[in-house]
Amino acid sequence: MKILVVNAGSSSLKYQLIDMDTEGVLAKGGCERIGLAGSLLKAKGNGQEKVYEQDIPDHKVAIELVLRALQDEGIGVIAHMDEISAVGHRVVASGEYFKHSVLVNEEALKTLEEKTFELAPLHNPAAATGLRACMQVMPKTPMVLVFDTSFHQTMPPEAYLYGIAYEDYKAYGVRRYGAHGTSHKFVSQEAAKYLGREGDENFKVVTCHLGNGSSISAVKGGKCMDTSMGFTPLAGVMMGTRSGDVDPSAVEFLARKKGMSHAEIVTYLNKKCGVAGISGVSSDFRDLIAGANAGNERCALALDMFAYQCKKFVGSYAAAMGGVDCIVFTAGVGENTPSVRADICDGLEFLGVRLDKDKNAARGDSPVREISRADSAVKVLVIPTNEELVIARETLALVG
Ligand code: ADP
């Protein structure tokens with residue numbers, strides 16, 4: 001069975017076609033600059049790449065072009081559109097409306113469009129546009145919505161509620177929703193498989209998705225118990241350009257001093273802060289490490305702050321779960337930056353963490369890399385994330 005995974009942005013549409021028998025990627029690519037001058041599709045398949053430079057006025061034309069590329073004489077991997085059994089759509093925010101992935105019907109579409117847009121005003125409308133385009137072009141193919149937030153819907157109220165008036169939570173849905181849920185789900189499941197703990201209700205993992213955006217989750221028995229991002233992805237640890245947690249009164253104070261509106265200060269906290277704001281150099285951890293190695297103190301400070309904040313989340317989630325069996329690192333920084341992993345684990349020996357310096361420093365592309373010592377009570381793993389595969393698996397589970 002072949003499943004198409006679609007990730008639609010306001011001017012982009014990325015896709016992967018996955019063979020569910022092998023879970024291998026048959027083809028992938030993305031349309032860029034939809035509705036703008038210079039639009040194009042970069043598509044890969046059969047070990048080749050092809051760039052389609054053509055006018056892509058809207059998402060419907062984009063999906064038509066993707067289907068053409070999938071059936072192309074050179075890079076094509078299917079003979080007919082009917083070979084695609086279902087389409088899984090990535091959706092950023094579910095609010096409390098979708099606790100699981102859903103098969104698209106009138107009701108799901110209505111809820112997506114009428115209830116969730118205000119929770120992710122840039123992303124959810126784009127996903128709905130991509131979905132409607134696919135429904136038009138592939139009217140007989142089942143469509144599934146897979147939400148970044150639904151893995152976090154198992155959090156108990158003490159973890160997801162803020163200390164604001166309960167009536168306001170009820171009236172406005174202001175609470176912790178988290179993000180990167182498909183990634184936390186994937187790596188926690190892979191960790192359980194690797195350690196032979198699948199189905200073990202007492203298996204406690206802290207998953208660290210560290211990339212340009214970063215979030216950390218507590219996962220017990222396969223269920224998310226807590227996560228560092230909040231109502232939006234601005235919360236938790238500091239990130240590439242996002243501040244992470246800041247006292248709301250400091251935000252109001254800063255806005256007044258800088259003469260910024262509410263919207264402007266939120267944009268500032270999303271785009272001008274984090275390790276980029278502290279270092280004054282870059283949001284990219286490779287630049288920060290090069291800077292710190294060359295003696296730039298603010299690059300070193302940004303790295304120290306990041307590791308310290310991550311370490312605090314790992315420790316607090318161990319407390320929340322009554323222990324920790326495994327720590328997983330994933331995403332751009334988590335998978336590729338040994339010094340960040342070492343800095344986060346340094347000082348966690350009291351929890352039973354013993355990092356193996358050589359294994360941590362070694363590169364490799366195996367699906368799971370164990371970087372803790374054999375005598376470490378807490379297993380430390382590096383697992384490359386695969387959000388598209390989770391979307392495909394969820395889609396398969398719903399269309400069977
Ligand atoms: P996003 O949140 O945008 O998906 P990524 O998960 O791709 O971000 O992570 C981007 C970060 O990962 C950057 O800070 C970058 O420095 C780091 N990164 C990505 N690839 C590598 C690599 N090969 N070596 C070191 N760092 C990397």
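Quantities reported herein were computed from a predicted structural model and do not represent experimental measurements. Both ligands and their constituent atoms are indexed starting at 1 by order of listing.
A salt bridge is defined here as a Lys NZ or Arg NE, NH1 or NH2 lying under 4.0 Å from an Asp or Glu carboxylate O, and Arg393 with Glu23 meets this definition.
Under the 30°/60° scheme for interplanar angles, the aromatic rings of Tyr169 and Tyr160 are found to be tilted.
Heavy atoms from other residues, nucleotides or ligands lying under 6.0 Å from CD of Glu158 number more than 12. Under a cut-off of 6.0 angstrom, the local environment of NZ in Lys14 is sparse, with at most 12 non-hydrogen atoms contributed by other residues, nucleotides or ligands.
Less than 6.0 angstrom separates the ring centroid of Phe285 from the ring centroid of Phe306.
When atom types are taken as modelled, the side chain of Thr330 and the backbone of Thr385 share a donor-acceptor pair closer than 3.5 angstrom.
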I'd like a table of the close N/O pairs between ligand 1 and the protein (anything under 3.5 Å), one pair per line with both atom names and the distance.
unit_1, atom_1, unit_2, atom_2, d
ligand 1, 2 (O), Asn212, N, 3.1
ligand 1, 2 (O), Gly213, N, 3.1
ligand 1, 6 (O), Gly332, N, 2.9
ligand 1, 8 (O), Asn212, N, 3.1
ligand 1, 9 (O), Asn212, N, 3.3
ligand 1, 12 (O), Val333, N, 3.3
ligand 1, 14 (O), Phe285, N, 3.0
ligand 1, 16 (O), Asp284, OD1, 2.4
ligand 1, 16 (O), Phe285, N, 3.1
ligand 1, 16 (O), Arg286, N, 3.3
ligand 1, 16 (O), Arg286, NE, 3.4
ligand 1, 20 (N), Asn336, ND2, 3.4

